[in-house]
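Chain letters run A, B, ... following the sequence lines, proteins first, then strands; residues in each count from 1. Atoms considered below: every heavy atom in the structure, side chains included; atoms not considered: hydrogens, waters and symmetry mates.
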2 protein chains.
Amino acid sequence: METLQLTSSDWTTLLGSRFFVRLPRSTVEAILEETRLSTYEEHDVLFHQGDSIGDVFFVLSGLIRLYRVGKDRREADVAVLSKGEMFAENAIYLGRATASAEAAEASVIARIDSSKLRKIAAADPDVAQAFIEHLCHRGKMTEDMLAQDRLLTATQRVASYILSHCPNGTNTSFSFRLPFQKNILAGKLGVAPEALSRAFSTLRQSGVIVKGRMIEIHDRHALERF
Amino acid sequence: METLQLTSSDWTTLLGSRFFVRLPRSTVEAILEETRLSTYEEHDVLFHQGDSIGDVFFVLSGLIRLYRVGKDRREADVAVLSKGEMFAENAIYLGRATASAEAAEASVIARIDSSKLRKIAAADPDVAQAFIEHLCHRGKMTEDMLAQDRLLTATQRVASYILSHCPNGTNTSFSFRLPFQKNILAGKLGVAPEALSRAFSTLRQSGVIVKGRMIEIHDRHALERF
DNA sequence: CGATCGCTTGAGTAGGATCAACAAGAGTGG
DNA sequence: CCACTCTTGTTGATCCTACTCAAGCGATCG
């Protein structure tokens, strides 16, 4: 399903996104000139690991899961991307997608021709710089996930995830809404859904209340002690 | 310990390294103009996670372990780097080191001032491009590690590591030497040293012979079946 | 020749995956 | 508004992987 026009809300999303936010408006417009929009339903697959990709993708709305597939079809998420995030960017230089991508919920995606973006980046140092910063950030994210997998138990990872959603100096209680299904969160954290559920149970004793997608934290310090 | 001059073998290392290999000689010389060399003994720490780093590093010889530290001082490797590899590159743009670095064996390291390199990258699209390619490659490495951790058992990871050292079309038997201690390999693969040892034991039944640092593979297909 | 280091092997245990049953919503259609 | 169904999340029981701690082995080195 292809729609033609970027809505004005799409523009605010893109202009505020990590990749574009520091670039001058004219540059952004040049890059987005021939953008194509695609919409996907939940579980639609955008591409498979190893596919050669001609585009770079931006999430305008919805949620995209990047994952690798092992033998016996098991899947492991390597990233979960939401509004404003760019992905499949390294296909530009590596030639092929390093992971598969599927919509974790109904999503709208902007596609930009890779070779065009590569050319612009080669000509405009600011774009190259934005690219570099994006890759640094993404690299750090992946490194974070790897380190968490290796250093923390499932419950600790969940606690750490919750803490990462508390504003800096939260001493009193605080609550927020999970941005996606628990299923997806489990995948992102690299645990089975059942393990996530049990982790929430455990954390209940430390002042975490979970109702549907709402999370309430009453004792931040108890979480950090985990 | 600071030595002053890049030896000619250092030059071949650098010129052949992933980062420099596509750049014109003159550019490389410009970047390396004020390089400082440092030597480290095994277990020397180059920097700690969170330090603000003023340099980008190149391994000229030896082995550097990049790791994160969790509470109770447990360490998790996020990368192991050998001759010709660049690291701490994202400190340029993120400001701080995302991981600690220590010499896993006696090592010689070249340091380049970050701000200088950043300036050159901003002015020379080829350098920016090299940077981008480096980051893509590094990102893929980390993603690989993450996916392997989540999809494979310890034994499978070891098998996969061994296979990655076999040339493409190896049908007959093949042997190679581990580039570092088993200890280090265990860290890199994210398993306890004991688990690595046991994995080798298991693989022995599939035609893998381990003597010291020498690995012999007799039945590549048996490994792939794991 | 002890001594240290690197590695292996053994036994016990904890964390988490898996399978299965069940509860609780969220739609859907009457 | 209520049954019915489908999806999503929880809980329980079992099993398996891999970590931990401890001991043993084999080299290499002073």
Side-chain angles (χ1 to χ4, degrees), chain A residues 41-43 63 65 70-77 103-106 145 148-161 177-205 208-215 226, chain B residues 41-43 63 65 70-77 104-106 145 147-161 177-205 208-215 226:
Chain A
E41 294 307 314
E42 195 175 341
H43 298 130
L63 201 69
R65 215 167 57 84
K71 46 194 94 190
D72 69 1
R73 310 264 169 221
R74 274 167 40 89
E75 298 181 355
D77 290 15
E105 53 186 53
M145 291 176 75
Q148 288 204 357
D149 270 26
R150 291 188 169 182
L151 289 171
L152 305 181
T153 66
T155 311
Q156 287 171 327
R157 291 209 286 280
V158 175
S160 148
Y161 176 83
R177 188 180 157 77
L178 287 179
F180 32 65
Q181 287 183 195
K182 294 191 183 146
N183 239 336
I184 304 295
L185 177 58
K188 182 180 153 88
L189 297 180
V191 300
E194 297 93 326
L196 177 64
S197 203
R198 288 184 234 273
F200 278 137
S201 284
T202 306
L203 293 177
R204 201 174 305 140
Q205 298 151 24
V208 175
I209 296 174
V210 181
K211 276 208 195 96
R213 286 199 191 172
M214 289 305 300
I215 311 275
F226 249 90
Chain B
E41 293 306 314
E42 195 176 339
H43 299 130
L63 202 69
R65 215 167 57 85
K71 45 195 91 189
D72 70 0
R73 309 265 168 220
R74 274 166 42 88
E75 298 180 356
D77 290 14
E105 51 186 54
M145 291 175 75
Q148 288 204 357
D149 270 27
R150 291 188 169 182
L151 290 171
L152 306 181
T153 67
T155 311
Q156 288 172 326
R157 291 209 286 280
V158 175
S160 147
Y161 175 82
R177 188 180 156 80
L178 286 179
F180 32 64
Q181 286 184 191
K182 295 192 182 146
N183 239 334
I184 304 296
L185 178 58
K188 182 180 154 85
L189 297 180
V191 300
E194 297 94 326
L196 177 64
S197 203
R198 288 186 234 272
F200 278 137
S201 283
T202 306
L203 293 176
R204 199 174 305 139
Q205 298 150 24
V208 175
I209 297 174
V210 181
K211 274 207 197 96
R213 287 198 191 171
M214 290 305 300
I215 312 275
F226 250 90

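The environment of CD in E41(A) is sparse: at most 12 heavy-atom neighbours from other residues, nucleotides or ligands sit within 6.0 Å.
Between T155(A) and the phosphate of dG15(C), there is no side-chain N or O to OP1/OP2 separation shorter than 4.0 Å. Regarding contacts with the backbone of dT8(C), every side-chain N or O of S201(B) stays at 4.0 angstrom or more from both OP1 and OP2.
As a whole-Å value, the separation of R150(A) CZ from dG15(C) C1' is 17 Å. When rounded to the nearest whole Å, the span between CG of L152(A) and P of dC19(D) equals 15 Å. Taking atom CG of residue D72(A) and atom P of nucleotide dA17(C), one finds them 14 Å apart after rounding to whole Å. Rounding to whole angstrom units, CG of residue L151(A) and P of dG16(C) are separated by 13 Å. Nucleotide dT17(D) holds its C1' atom 17 Å from the CD atom of Q148(B), rounded to whole Å. For the pair M214(B) CE and dA27(D) P, the interatomic distance rounds to 17 Å; values are reported in whole Å. Rounded to an integer number of Å, the gap from K211(A) NZ to dT10(D) C1' is 16 Å. The CG-C1' distance, from L178(A) to dG9(D), rounds to 12 Å in whole Å.
T202(A) contributes a side-chain N or O that, together with a main-chain N or O of R198(A), makes up a donor-acceptor pair within less than 3.5 Å. Using modelled atom types, no side-chain atom of K71(B) and backbone atom of L151(A) make a donor-acceptor pair closer than 3.5 Å. Formation of a donor-acceptor pair under 3.5 Å by the R157(A) side chain with backbone atoms of L152(A) is found in this model.
Shown here for S160(B) and Q148(B), the closest heavy-atom pair between the two residues is OG-NE2, 3.1 Å.
Counting any heavy atom pair closer than 4.0 Å across all strands shown, R74(B) reaches sugar-phosphate atoms only and no base atom.
Near DNA chain C, meaning a heavy atom under 4.0 Å away, the residues from residues 191-199 of chain A are V191(A), A192(A), E194(A), A195(A), R198(A).
For the pair D77(A) and K188(A), the salt-bridge criterion is not met [side-chain N within less than 4.0 Å of a carboxylate O]. The pair R150(B)-E75(A) fails the salt-bridge criterion, with no side-chain N (NZ, NE, NH1 or NH2) lying under 4.0 Å from an Asp/Glu carboxylate O.
Set against dT8(C), dT11(D), dG16(C), the side chain of A154(A) has dG16(C) as its closest nucleotide. Side-chain atoms of R204(B) lie closest to dT9(C) of the nucleotides dG9(D), dG6(C), dT9(C).
For the atom pair CZ (R204(B)) and CD1 (I209(B)), the distance works out to 9.0 Å, reported to the nearest 0.5 Å. Summarising the geometry, atom CG belonging to L185(A) is positioned 11.0 Å from atom CD belonging to Q181(A); distances are rounded to the nearest 0.5 Å.
For the helix from dC1(C)-dG30(D) to dG30(C)-dC1(D), the angle separating the two terminal helix axes comes to 30°, with each axis derived from five pairs and the value rounded to 10°.
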